[in-house]
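Input: a single structure, listed below in structure tokens.
Given the structure is predicted, the values throughout are model-derived calculations rather than measurements.
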Amino acid sequence: MSSVTCDLTVSLDGFLAGPNQTPDNPLGEGGEDLHRWQFEEAEANAEALKGILSAGAYIMGRNMFAGPGAGPWDKDWRGWWGEEPPYHAPVFVLTHHPRAPLEMEGGTTFNFVSDGIESALAQAREAAGGKDVAVAGGAETARQYLSAGLIDELRLHIAPLTLGAGERLLDGVGNLRLEPTEVLGTRLVTHVRYRMIR
């Protein structure tokens, strides 16, 4: 069976996004600075970037797809990833409001799942065709999968900055047991791979 991975970039104080998230600024104040390593040091971090985008299917929360908000979908809103999202694979979006699949350029199709995390994982495994399934985020989605013990490998990309507030990764998750299997880094990020111990 394929593995379930989770790649997340966090601040030193454990935040995936800064405070005051909006649809126009979904990562909140200071949140974009977390990801400088992906653009300013892309060559030095090529293996980590390749790992993030190597899954056969992805799972994300509604906020990661569309920015913060609740309620029924605006049918014209196609998310904040642009017309050619980087996934190039099926993406399963957790939501309380069903919506028809949304096909994008480059092979990404957003599928909207309203019957829970286990259903999204089962659909993603089937779509992945034997490749890994990646829980892409955001914080609430990652917390749900971590709490349920459904992630096999957690890959944290730790940016050397603090945000002070926002969306924290591990709030309320409970007692996780992790074994670090690899630590690498550059000036803008430290990559730590953890195997989940069950």
More than 12 heavy atoms of other residues, nucleotides or ligands under 6.0 Å from CD of Glu84: is that the case?
yes

Heavy-atom side-chain contact between Phe110 and Arg99 under 4.5 Å
no

Counting N and O atoms only, with roles assigned by atom type, does the side chain of Asn111 sit under 3.5 Å from a partner on the main chain of Thr109, one being a donor and the other an acceptor?
yes

Would you find a donor on one side and an acceptor on the other, under 3.5 Å apart, between the side chain of Thr95 and the backbone of His97?
yes

Got a salt bridge between Glu167 and Arg143, using NZ or NE/NH1/NH2 to carboxylate O under 4.0 Å?
yes

Out of Asp152, Leu178, Ile151, which residue meets the side-chain contact (heavy atoms from CB on, under 4.5 Å) rule with Tyr194?
Leu178

List the steps and the verdict of side chain to side chain contact (heavy atoms under 4.5 Å, CB included) for Leu184 and Glu47.
CA-CA 10 Å; Leu184 299 168; Glu47 280 302 308; over 6 Å; no

Are the side chains of Leu176 and Met196 in touch, meaning some heavy atoms are under 4.5 Å apart?
yes

Point-to-point distance, once rounded to the nearest 0.5 Å, from CE of Met104 to CH2 of Trp81
11.0 Å

Looking at CE of Met64 and CD1 of Ile59, how far apart are the two atoms once the value is rounded to the nearest 0.5 Å?
12.0 Å

Which heavy-atom pair separates Ala57 from Ala127 by the least distance, and what is that distance?
CB-CB, 4.4 Å

Partner residues of Leu16 under the side chain to side chain contact (heavy atoms under 4.5 Å, CB included) criterion, sequence neighbours left out
Leu8, Val10, Ala139, Leu169

Is there side-chain contact between Val135 and Thr141, with heavy atoms separated by less than 4.5 Å?
yes

Distance, nearest 0.5 Å, that separates CG of Leu170 from OG of Ser147
9.0 Å

Side chain to side chain, His157 and Leu49, heavy atoms closer than 4.5 Å:
no

Derivation of the side chain to side chain contact (heavy atoms under 4.5 Å, CB included) call for Asp171 and Phe15
CA-CA 10 Å; Asp171 281 354; Phe15 293 99; 5.9 Å; no

Between Tyr145 (side chain only) and Ile117 (backbone N and O only), is there a donor and an acceptor less than 3.5 Å apart?
yes

CG (Leu94) and CG (Asp115) are apart, to the nearest 0.5 Å, by 9.5 Å

More than 12 foreign heavy atoms under 6.0 Å from CD of Glu32: is that the case here?
no

Shortest non-hydrogen contact from Tyr87 toward Leu53
CD2-CD2, 4.3 Å

Do Arg155 and His191 have side-chain heavy atoms sitting under 4.5 Å apart?
no

For atom CD of Glu43, is the number of surrounding heavy atoms from other residues, nucleotides or ligands below 6.0 Å larger than 12?
no

Arg125 side chain to Ser2 main-chain N or O, any donor-acceptor pair under 3.5 Å?
yes

State, yes or no, whether a side-chain contact exists between Leu163 and Leu34 at a heavy-atom distance under 4.5 Å.
yes

Hey, any chance Val173 and Leu156 share a hydrophobic cluster, counting ILVMFWY side chains that come within less than 4.5 Å of each other, even indirectly?
yes

Could you tell me if the side chain of Glu140 sits less than 4.5 Å from the side chain of Asn63, heavy atoms only?
no

Does the side chain of Ser54 come within less than 4.5 Å of Asp132's, by heavy atoms?
no

To the nearest 0.5 Å, tell me how far Phe112 CZ sits from Arg62 CZ.
9.0 Å

Approximate separation, where rounding is to 0.5 Å, of Trp80 CH2 and Leu27 CG:
4.5 Å

Glu103, CD: over 12 other non-hydrogen atoms inside 6.0 angstrom
no

Test your reading of the model: is there a side-chain donor-acceptor pair from His88 to the backbone of Gly106, 3.5 Å cut-off?
yes

Show the numbers, then the answer: is there a salt bridge (charged side-chain N to carboxylate O under 4.0 Å, His left out) between Arg78 and Glu83?
CA-CA 8 Å; Arg78 296 172 59 83; Glu83 287 302 309; 3.0 Å; yes

For the residue pair Ser11 and Asp13, confirm or rule out a side-chain donor-acceptor distance under 3.5 Å.
yes

